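This report concerns only the one structure given below.
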Amino acid sequence: MRKPLTSAPLPGGYGRGTSRRGFSAANSNTRISPSGAAAPRAPQAAAVSTIANLGLNSERSRGMMIQRLREQGIRDERVLGAMLQVPRHGFVDQGLASRAYEDAALPIGHGQTISQPWVVARMISAVTENRAPLKVLEVGAGCGYQAAVLAQFIKEVHCIERVRGLYELARQNLRALRLISRVRLSYGDGTLGLPGVAPFDAIIVAAAGIKIPQALLEQLAVGARLIAPEGAAAQRLVLVERTGPASWQREELEAVRFVPLRAGIQA
Ligand code: SAH
């Protein structure tokens, strides 16, 4: 596997806190259970032996995934409905497709992962709660799964990905689902946001930095919310609401483990 390039750290330290002890892409973008152990894995969804079968069984497997998310406290019907629609198995390597509906993060190449379904549901629910956002930014598109979920009920989804190979993979996956016209994908450094498109009604950051980039906080509309994993070895989801032109309120949520947020781009 190609080692991701390291890039110059921003003043805030991005790119530095990325060589973490015990970091492994395979168990990243997941929730950590309060005991500190990895969240228990649900039993494998449907017993699917071949990809051909998967097409037939995937709807049932997705239904089981949604049921599990409900049991894990996800309540927003827009999010659950969207995740029921999006074929997650189309966003992972064929060899992993039979595991696509487990509550697990899976490798997508370039040392990155597709986020655990619970993480996707939790992050989207937190920023859209009691709101109907029209324009949303996702930092860290990866293979495009979360963007596809967002595009099911949000009019304008903007995504940034810093690894060219993944940007291209996301483009290909979203095109296959005919979602490319609803998701505006950029290849670039998401720590800078998209100042020309801001303000956003919600921002989701799918990779962990030491601190949430100020540029992203500035690109939130007043009253809008941002969610991001924050921290180095110990990370938490942090939910920030912009309460005024120069005021933000933050709340720490669950302990998680995410791939690192890195400055710069990777060709
Ligand atoms: N949203 C994805 C999760 C992808 S993992 C999903 O749907 O499952 C996080 C992604 O963030 C990786 O692809 C990584 O390359 C990307 N990333 C990390 N730092 C970034 C940055 N500064 N700008 C844009 N993308 C970044």
Side-chain angles (χ1 to χ4, degrees), residues 1-10 12-18 20 23-30 79 82-83 86-93 96 100 103-124 127 136-152 157-171 173-174 177 179 183 185-194 203-213 215-216 219 227-230 235 256-267:
M1 197 185 298
R2 207 147 38 109
K3 208 169 172 264
L5 303 173
T6 43
S7 42
L10 286 178
Y14 292 100
R16 264 286 152 83
T18 53
R20 289 170 195 161
F23 169 74
S24 143
N27 61 6
S28 292
N29 291 30
T30 53
V79 178
M83 290 180 74
V86 178
R88 191 169 185 259
H89 64 273
F91 289 81
V92 295
D93 207 65
L96 291 168
D103 196 26
L106 296 168
I108 54 172
H110 304 270
Q112 308 300 321
T113 56
I114 181 172
S115 298
Q116 180 189 37
W118 180 86
V119 159
V120 170
R122 176 67 169 132
M123 292 181 98
I124 301 178
V127 290
V136 172
L137 172 67
E138 182 197 25
V139 173
C143 59
Y145 174 71
Q146 181 157 263
V149 173
L150 287 164
Q152 301 301 308
V157 180
H158 295 262
C159 285
I160 315 176
E161 173 53 55
R162 70 176 289 278
V163 176
R164 183 171 272 286
L166 292 174
Y167 159 78
E168 278 159 9
L169 177 67
R171 175 162 292 279
N173 288 338
L174 292 164
L177 290 177
L179 288 172
V183 179
L185 208 52
S186 321
Y187 167 52
D189 179 358
T191 62
L192 308 173
L194 291 175
I203 299 179
I204 298 179
V205 185
I210 309 300
K211 263 185 74 152
I212 296 169
L216 298 181
Q219 290 175 31
I227 192 163
E230 201 187 65
Q235 302 170 7
V256 288
R257 181 188 294 118
F258 270 67
V259 294
L261 182 69
R262 293 192 163 146
I265 51 170
Q266 182 180 324

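Whatever order the structure lists ligands and atoms in, that order sets their numbers, starting from 1. If you're wondering where the values come from, they're calculated on a predicted model, not measured in any experiment.
- Side-chain contact between L137 and L194: present, with at least one pair of heavy atoms (C-beta onward) separated by less than 4.5 Å.
- Set against the non-hydrogen atoms of Y145, the atoms of ligand 1 under 4.0 Å away are 7 (O).
- Looking only at side-chain heavy atoms (C-beta outward), P213 and L261 come within less than 4.5 Å of each other.
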(request) Could you check F91 against V86 for side-chain contact (heavy atoms from CB on, under 4.5 Å), going step by step and ending with a plain yes or no? (result) CA-CA 10 Å; F91 289 81; V86 178; 3.7 Å; yes

(request) Could you walk me through whether L185 and E161 pass the side-chain contact (heavy atoms from CB on, under 4.5 Å) test, one step at a time? (result) CA-CA 8 Å; L185 208 52; E161 173 53 55; 5.6 Å; no

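- Assignment of S28 to the shell around ligand 1 is not supported, since no heavy atom sits closer than 4.0 Å.
- Not a single N or O atom of G144, backbone or side chain, sits closer than 3.5 Å to an N or O atom of ligand 1.
- Contact of the L179 side chain with the Q152 side chain is registered, since non-hydrogen atoms from C-beta on lie closer than 4.5 Å.
- At the shortest separation from atom 9 (C) of ligand 1 among protein heavy atoms lies A206 O, 3.3 Å.
- Interface of S115 with ligand 1, defined as ligand atoms under 4.0 Å from a residue heavy atom, comprises 3 (C), 6 (C), 8 (O).
- Interface atoms of ligand 1 facing R262, defined by a heavy-atom separation under 4.0 Å, are 18 (C), 19 (N), 20 (C), 21 (C), 22 (N).
- Counting heavy atoms under 4.0 Å from ligand 1, residue R162 touches it through both backbone and side chain.
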(request) Assess whether side-chain contact (heavy atoms from CB on, under 4.5 Å) is satisfied between V139 and L216, documenting all intermediate values. (result) CA-CA 10 Å; V139 173; L216 298 181; 4.2 Å; yes

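- Taking every heavy atom of V163 and a limit of under 4.0 angstrom, the matching atoms of ligand 1 come to 15 (O).
- The protein heavy atom nearest to atom 4 (C) of ligand 1 is T113 O, 3.2 Å.
- Contacts of A141 with ligand 1, taken as heavy-atom pairs under 4.0 Å, involve the backbone alone.
- With a 4.0 Å heavy-atom cut-off, ligand 1 is reached by no atom of I108.
- Those atoms of ligand 1 with a heavy atom of G188 less than 4.0 angstrom away are 23 (N), 24 (C).
- Of all protein heavy atoms, the one closest to atom 7 (O) of ligand 1 is Q146 N, 2.8 Å.
- At under 3.5 Å, a nitrogen or oxygen of G190, whether backbone or side chain, sits near a nitrogen or oxygen of ligand 1.
- Proximity of V259 to ligand 1, defined as any heavy-atom pair under 4.0 Å, is confined to the side chain (atoms from C-beta onward).
- Counting heavy atoms closer than 4.0 Å to ligand 1, residue E138 contributes side-chain atoms (C-beta onward) but none from N, CA, C or O.
- Side chain of Q146 to main chain of I124: no donor-acceptor pair is present (N/O by atom type, distance under 3.5 Å, no hydrogens or angles).
- With Y187 as the aromatic partner, R162 does not meet the cation-pi criteria of under 6.0 angstrom to the ring centre and within 45 degrees of the ring axis.
- Among protein heavy atoms, the minimum distance from atom 11 (O) of ligand 1 is reached at G140 CA, 3.1 Å.
- Heavy-atom contacts of T191 reach the following atoms of ligand 1: 22 (N) (cutoff under 4.0 Å).
- If you number the atoms of ligand 1 from 1 as listed, the ones under 4.0 Å from a heavy atom of A207 come out as 11 (O), 18 (C).
- Under a 4.0 Å criterion applied to the non-hydrogen atoms of P260, ligand 1 contributes the atoms 18 (C), 19 (N).
- Side-chain N or O atoms of Q116 include none that pairs as donor or acceptor with a backbone N or O of W118 at under 3.5 Å.
- By the salt bridge (charged side-chain N to carboxylate O under 4.0 Å, His left out) test, R88 pairs with no residue at all, sequence neighbours left out.
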(request) Walk me through it: do V259 and T113 pass the test side-chain contact (heavy atoms from CB on, under 4.5 Å)? (result) CA-CA 8 Å; V259 294; T113 56; 4.0 Å; yes

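- The proximity of I114 to ligand 1, defined as any non-hydrogen pair under 4.0 Å, involves the side chain as well as the backbone.
- Protein heavy atom closest to atom 12 (C) of ligand 1, with residue, atom name and distance, is Q112 OE1, 3.3 Å.
- When M123, E161, R164 are ranked by how near their heavy atoms come to atom 15 (O) of ligand 1, first place goes to E161.
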